[in-house]
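Here's the structure we're looking at; comments come further down.
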There are 2 protein chains.
Amino acid sequence: MPTSTVENYLKTIYMQQQRAGGKNVAMGKLAKAMDVVPGTATAMIKTLADSGLVDYKPRGGVSLSDKGETLALHILRRHRLLELFLVEVLGLDWTEVHDEAEELEHATSDKVLARIDDYLGHPDTDPHGDPIPPAKGAHAPVQLKSLADSATQKKLVIARVVDQGCEFLQFLNQHGLRPGTRINILSYDRVVDAITVKPYKHEPVTLGMAAAGKILVEKPAT
Amino acid sequence: MPTSTVENYLKTIYMQQQRAGGKNVAMGKLAKAMDVVPGTATAMIKTLADSGLVDYKPRGGVSLSDKGETLALHILRRHRLLELFLVEVLGLDWTEVHDEAEELEHATSDKVLARIDDYLGHPDTDPHGDPIPPAKGAHAPVQLKSLADSATQKKLVIARVVDQGCEFLQFLNQHGLRPGTRINILSYDRVVDAITVKPYKHEPVTLGMAAAGKILVEKPAT
DNA sequence: ATTTCAATTTTGAGTATTCAAAATACCAAA
DNA sequence: TTTGGTATTTTGAATACTCAAAATTGAAAT
């Protein structure tokens, strides 16, 4: 069994790789994401490479091996199912479950996870709209555009929020912006780098482009 | 925050102390219970003593300080609430939840635990009949006699099973012997060191005294 | 081609936990 | 009171992870 440290490295590499489009992850990025000094990341990656979990060439960055990716997806699955469980069953707020799940994901057995999955009815997204990897096999990559790139559409639905920072999520929550919320785009201003949206049943909010880029949207189903 | 290793030592000392009636726990016993070599226990206890969690005099054994006992009770509370949650909500078997809870107890925050407690309606015993320590304050010590000491009573109810071994619990379960079950004592034989009981709606079972000693009983309520 | 600088790796060291095996202490029997 | 023998402690070493700081590399800028 991998230690929870190993699990965290793998998960982090996976997410960095996603963001960078499958390319190798630079040690500096990884170290920053793991909140360790660069030397620590280098040392750790060397042992992960020895275990066959990552491919590593010195000064060239890391990427997950097949074995490593499989493991990373299992961990992500645990994390996201737990998040949803905490929200749906225990009534925690979707803005605060990330850190809780971060701990629990390393302590939850496959058996317990399977029960949680059953209990929730085999969901496919977590409370942030992030896809829950299936128990086996890869999930179909969903293509979503960010709010920052969707100014031409007037009516949209929030599909996913790609930031786990409690502060940002709480801001969104207070303004009625959560996964599933319908929004209307009121204005889109390249000059001041801002976009104003009106969430269903809430007052309009103005967001900077950086913030808007973290909100992924889709066309309303109906 | 104490590491999970520290939490496990404290919990183990607490339980050993309970069993021995409040006396100091010998290093040998502790080492065996923690499944480490004696030297490891000695080393660990020295650091726990430095943190003020235990009282230790070389060659005299350990006992929990007030601080240590408070912590131990918190951990026990987490463990037992989690066990009940796994049984009641996720439908795991009461014979198998011990090991699961053993992991989860170190990863569950106070916030999540409070939600679990609410969800379960503030229960006071876990699936094995073990008392759940309250969030604050000490719990009233319940006096229960073991089945081995209760031969004079004919009708009893199983209150608690003081063994977390999966094998033993599964044996009991298969014969309908679980906390809450009414039983009739059919025979009590000092010579062959065995007792035969008939669990409600099940066939009679014969148990050795060692086994009967692990089953705590009370008088039927009605 | 050389300089320069940022990213990366290496080195040396520390913490927490563990084991194996040697040393010590205590109790109890002779 | 000497001898055991067992429980306990000490010692030395290993593993997994971490940091600080020095050394190295490689690529971009001159």
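Evaluated for a ring pair (Phe, Tyr, Trp, His ring centres under 6.0 Å) with A:H79, the options A:H106, A:H74, A:H128, A:H98 yield exactly one hit, A:H98.
With values rounded to the nearest 0.5 angstrom, A:R80 atom CZ is found 12.0 Å from A:L84 atom CG.
In this structure, NE2 of B:H106 is placed 12 Å from P of C:dT17, rounded to the nearest angstrom. Atom CG of B:L48 and atom P of C:dT18 are 10 Å apart (whole Å). Atom P of nucleotide D:dA16 and atom CD of A:E7 are separated by 15 Å, given to the nearest angstrom. Atom CZ in A:R59 sits about 10 Å away from atom C1' in C:dT10, given to the nearest Å. In this structure, B:I45 atom CD1 and D:dA7 atom P are separated by 18 Å, rounded to whole Å. We find that CG of B:N24 is positioned 14 Å from C1' of D:dT8, with the value rounded to whole Å. Separating the CE atom of B:M27 from the C1' atom of D:dT6 is a distance of 16 Å, rounded to the nearest angstrom. To the nearest angstrom, C1' of C:dT17 lies 13 Å from CG of B:N8.
Using a 4.0 Å heavy-atom criterion, one finds that A:K46 contacts the sugar-phosphate atoms exclusively. Contact annotation for A:A31: no contact, since no heavy-atom pair falls under 4.0 Å across all strands. When heavy atoms are screened at a 4.0 angstrom cut-off, B:A41 is found touching no nucleic acid atom at all.
Under a 3.5 Å cut-off, the side chain of B:E100 and the backbone N or O of B:L86 do not form any donor-acceptor pair.
In this structure, A:D50 places its CG atom where more than 12 heavy-atom neighbours from other residues, nucleotides or ligands lie under 6.0 Å away. Heavy atoms of other residues, nucleotides or ligands lying less than 6.0 angstrom from NZ of A:K11 number more than 12.
Two residues are said to be in side-chain contact when any heavy atoms from C-beta on lie closer than 4.5 Å; A:M209 and A:Y188 meet this criterion. The shortest distance between side-chain heavy atoms of A:T42 and A:Y56 falls below 4.5 Å.
The side chain of B:Y56 contributes an N or O atom lying less than 4.0 Å from OP1 or OP2 of D:dT9.
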Contact list (N/O, under 3.5 angstrom) for nucleotides 17-19 of chain D vs protein:
unit_1	atom_1	unit_2	atom_2	d
D:dC17	OP1	A:T3	OG1	2.5
D:dT18	OP2	A:Y9	OH	3.1
D:dC19	OP2	A:V37	N	3.1
D:dC19	OP2	A:T40	OG1	2.7

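Among the nucleotides C:dT10, D:dT24, D:dT8, the one closest to any side-chain atom of B:P38 is D:dT8.
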